[in-house]
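In what follows, a single structure is set out as structure tokens and then discussed.
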Amino acid sequence: MERIAQYESFIGRGRFSGRRLKSAAGHRHGAASGRLPWTMRVEFTMPAPAALITGGTSGIGRATAELLHERGYRVIVTGQNPETIAAAEKAFPEEIVVVRADARSMEDIDRLVEVARERFGTLDLLFLNAGITRPRPIEAIDEATYDDLFNVNVKGQFFTLQRCLPLFNDGGSIIFTVGIGVTRGMVGGSATAASRGALLPLVPSLALELAPRRIRVNAVSPGAIDTEIWAKTVQPEMLEEVTKATASRIPLGRFGTSREIAEVVAFLASDAAGFVTGENIVVGGGSGLSV
């Protein structure tokens, strides 16, 4: 009788074992022939998926890093502000890697990609969340402010994606943070919306370009979210009043949370969204809907 081999794979274990098979009559196969048929079980460990999150030391990025880590991802986050970096390093589990990187700097982007290569080897998720906002009327926007917005919100995200692509596993996911103000308007938000809005045309074009590798490209557009950035856009003495007024105009009657945006990002990164690409998912509690 010929040797019988059976292979089984299991994620999360690392053993190899073999055993002889018995026939229905209870005799070992091959006893008469002198052969030693075996069932072989090969168990090996698959690496956890790897995620890189830009702008991941506060707000939505930080909440996403924490959620993905809870769900088994290996995570690298970037930040530029020393205070938020220090706070994140203190609060994060030690497995989450924090890298100081300025989205305006090509040198920092290249260094970040090298860290990802050394730590993880490959990537499965890129969440391009880094961004700045400069809420002010158009008359108050000078050239330096304009350049700063586009260097961080567009150039930094574009070249981070470009540099990360050689590390990407086929079937991975790329997600941009855009923002509801891009399509629904916000007083004083013209320059910020223009810079964030420049990302939207990238989404369908890259979705087509990367489809042969089964890499999905989507965007998430948060509405009013209770984050540190929101608090910085309003004068402190008016924050409570403006927050209440803004919430009253949202059909669901409240601000969203960073965790709720993180859940949408995690969904888009998951196999459950395996047929979703080229889309901009608005998460705004119904903002902009008319009654």
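The hydrophobic cluster containing Leu126 does not contain Val152, counting ILVMFWY residues as joined when their side-chain heavy atoms lie under 4.5 angstrom apart, directly or transitively. Leu208 and Leu202 fall into different hydrophobic clusters, where Ile, Leu, Val, Met, Phe, Trp and Tyr are joined by side-chain heavy atoms under 4.5 Å apart, directly or via other members. Follow the hydrophobic side-chain contacts under 4.5 Å out from Val178 and you reach Phe159 in the same cluster. Note on Val154: it does not cluster hydrophobically with Phe127, by side-chain heavy-atom contacts below 4.5 Å among ILVMFWY residues. Linking ILVMFWY side-chain heavy atoms closer than 4.5 Å, directly or via other members, places Phe158 and Ile132 in two distinct hydrophobic clusters.
One finds the CG atom of Leu67 at 11.5 Å from the NE2 atom of His69 (value rounded to the nearest 0.5 Å). To the nearest 0.5 Å, the span separating CZ on Arg100 from CD on Glu89 amounts to 10.5 Å. To the nearest 0.5 Å, the span separating CD1 on Ile225 from OG1 on Thr257 amounts to 7.0 Å. If you take CG on Leu68 and CG on Leu125, they are separated by 6.0 Å, rounding to the nearest 0.5 Å. Between Leu165 atom CG and Glu209 atom CD the span is 8.0 Å, to the nearest 0.5 Å. The line from CG of Leu123 to SG of Cys164 is 5.5 Å long, rounded to the nearest 0.5 Å.
Taking the side chain as every heavy atom from C-beta outward, Ile174 and Leu210 approach each other to under 4.5 Å. Using a 4.5 Å heavy-atom cutoff, the side chains of Val217 and Phe176 are in contact.
Of all the heavy atoms in Ile76 and Ala116, the pair that sits closest is CD1-CA, 3.7 Å. In this structure, Thr84 and Thr57 approach most closely via the heavy-atom pair OG1-OG1, 3.2 Å. Shown here for Phe168 and Asp124, the closest heavy-atom pair between the two residues is CE2-O, 3.7 Å. The two residues Leu199 and Asn153 have their closest heavy-atom pair at CD2-O, 3.4 Å. Closest heavy-atom contact between Pro201 and Ser205: O-OG, 3.3 Å. Between Pro222 and Ile261, the shortest heavy-atom distance links the atoms CB-CD1, 3.9 Å.
With sequence neighbours excluded, the residues forming a side chain to side chain contact (heavy atoms under 4.5 Å, CB included) with Val264 are Val220, Leu268, Ile281, Val283, listed by chain and number. The side chain to side chain donor-acceptor pair (under 3.5 Å) search around Ser221 returns Asn280, not counting sequence neighbours. Contacts of Glu94 classified as side chain to side chain contact (heavy atoms under 4.5 Å, CB included), with partners at least two apart in sequence or in another chain: none. Applying the salt bridge (charged side-chain N to carboxylate O under 4.0 Å, His left out) criterion to Arg136, with sequence neighbours excluded, gives no partner residue. Listed by chain and residue number, Asn169 satisfy the side chain to side chain donor-acceptor pair (under 3.5 Å) test with Thr122 (two or more places apart in sequence, or in another chain). Checked against side chain to side chain contact (heavy atoms under 4.5 Å, CB included), Tyr146 has the following partners two or more places apart in sequence or in another chain: Ile141, Phe150. Residues that satisfy the salt bridge (charged side-chain N to carboxylate O under 4.0 Å, His left out) test with Lys244, not counting sequence neighbours, are Glu240.
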Do any side-chain atoms of residues 47-55 form donor-acceptor pairs under 3.5 angstrom with protein atoms, and if so which ones, sequence neighbours left out?
{"from": "Thr54", "atom 1": "OG1", "to": "Asn129", "atom 2": "N", "distance (Å)": "2.9"}
{"from": "Thr54", "atom 1": "OG1", "to": "Ala130", "atom 2": "N", "distance (Å)": "3.0"}
{"from": "Thr54", "atom 1": "OG1", "to": "Gln157", "atom 2": "OE1", "distance (Å)": "3.3"}

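The backbone N or O of Asp102 lies less than 3.5 Å from no partner atom in the side chain of Ser105, so there is not a single donor-acceptor pair. Of the possible donor and acceptor atoms, one in the side chain of Ser195 sits under 3.5 Å from a partner among the backbone N and O of Thr192. With Asp271 contributing its side chain and Gly274 its backbone, the two residues share no donor-acceptor pair below 3.5 Å.
Using a 4.0 Å cut-off between a side-chain N of Lys or Arg and a carboxylate O of Asp or Glu, Glu114 and Arg117 qualify as a salt bridge.
For residues 188-205, no pair satisfies salt bridge (Lys or Arg N to Asp or Glu O under 4.0 Å), with sequence neighbours left out. Residue pairs meeting the salt bridge (Lys or Arg N to Asp or Glu O under 4.0 Å) criterion with at least one partner in residues 57-80, sequence neighbours excluded, are Arg62-Glu66, Glu70-Arg259, Arg71-Glu263. Listed by first then second residue, pairs satisfying salt bridge (Lys or Arg N to Asp or Glu O under 4.0 Å) with a partner in residues 143-152 read Arg104-Asp148, Arg134-Asp148, not counting sequence neighbours. Counting only residues at least two apart or in different chains, salt bridge (Lys or Arg N to Asp or Glu O under 4.0 Å) contacts with residues 246-258 comprise Arg254-Glu260.
Open room surrounds CD on Glu107; 12 or fewer heavy atoms of other groups in view lie less than 6.0 Å from it. Around atom CZ of Arg119, no more than 12 heavy atoms belonging to other residues, nucleotides or ligands sit under 6.0 Å away.
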Worked verdict on Arg111 versus Val99 for side-chain contact (heavy atoms from CB on, under 4.5 Å): CA-CA 9 Å; Arg111 182 170 55 83; Val99 177; 3.9 Å; yes
Full working for side-chain contact (heavy atoms from CB on, under 4.5 Å) between Val75 and Phe92: CA-CA 11 Å; Val75 180; Phe92 279 153; over 6 Å; no
Derivation and outcome, side-chain contact (heavy atoms from CB on, under 4.5 Å), residues Tyr73 and Thr64: CA-CA 11 Å; Tyr73 279 76; Thr64 304; over 6 Å; no
CA sep, side-chain torsions, deciding dist, call: Leu206, Leu161, side-chain contact (heavy atoms from CB on, under 4.5 Å): CA-CA 10 Å; Leu206 287 171; Leu161 188 158; 3.8 Å; yes
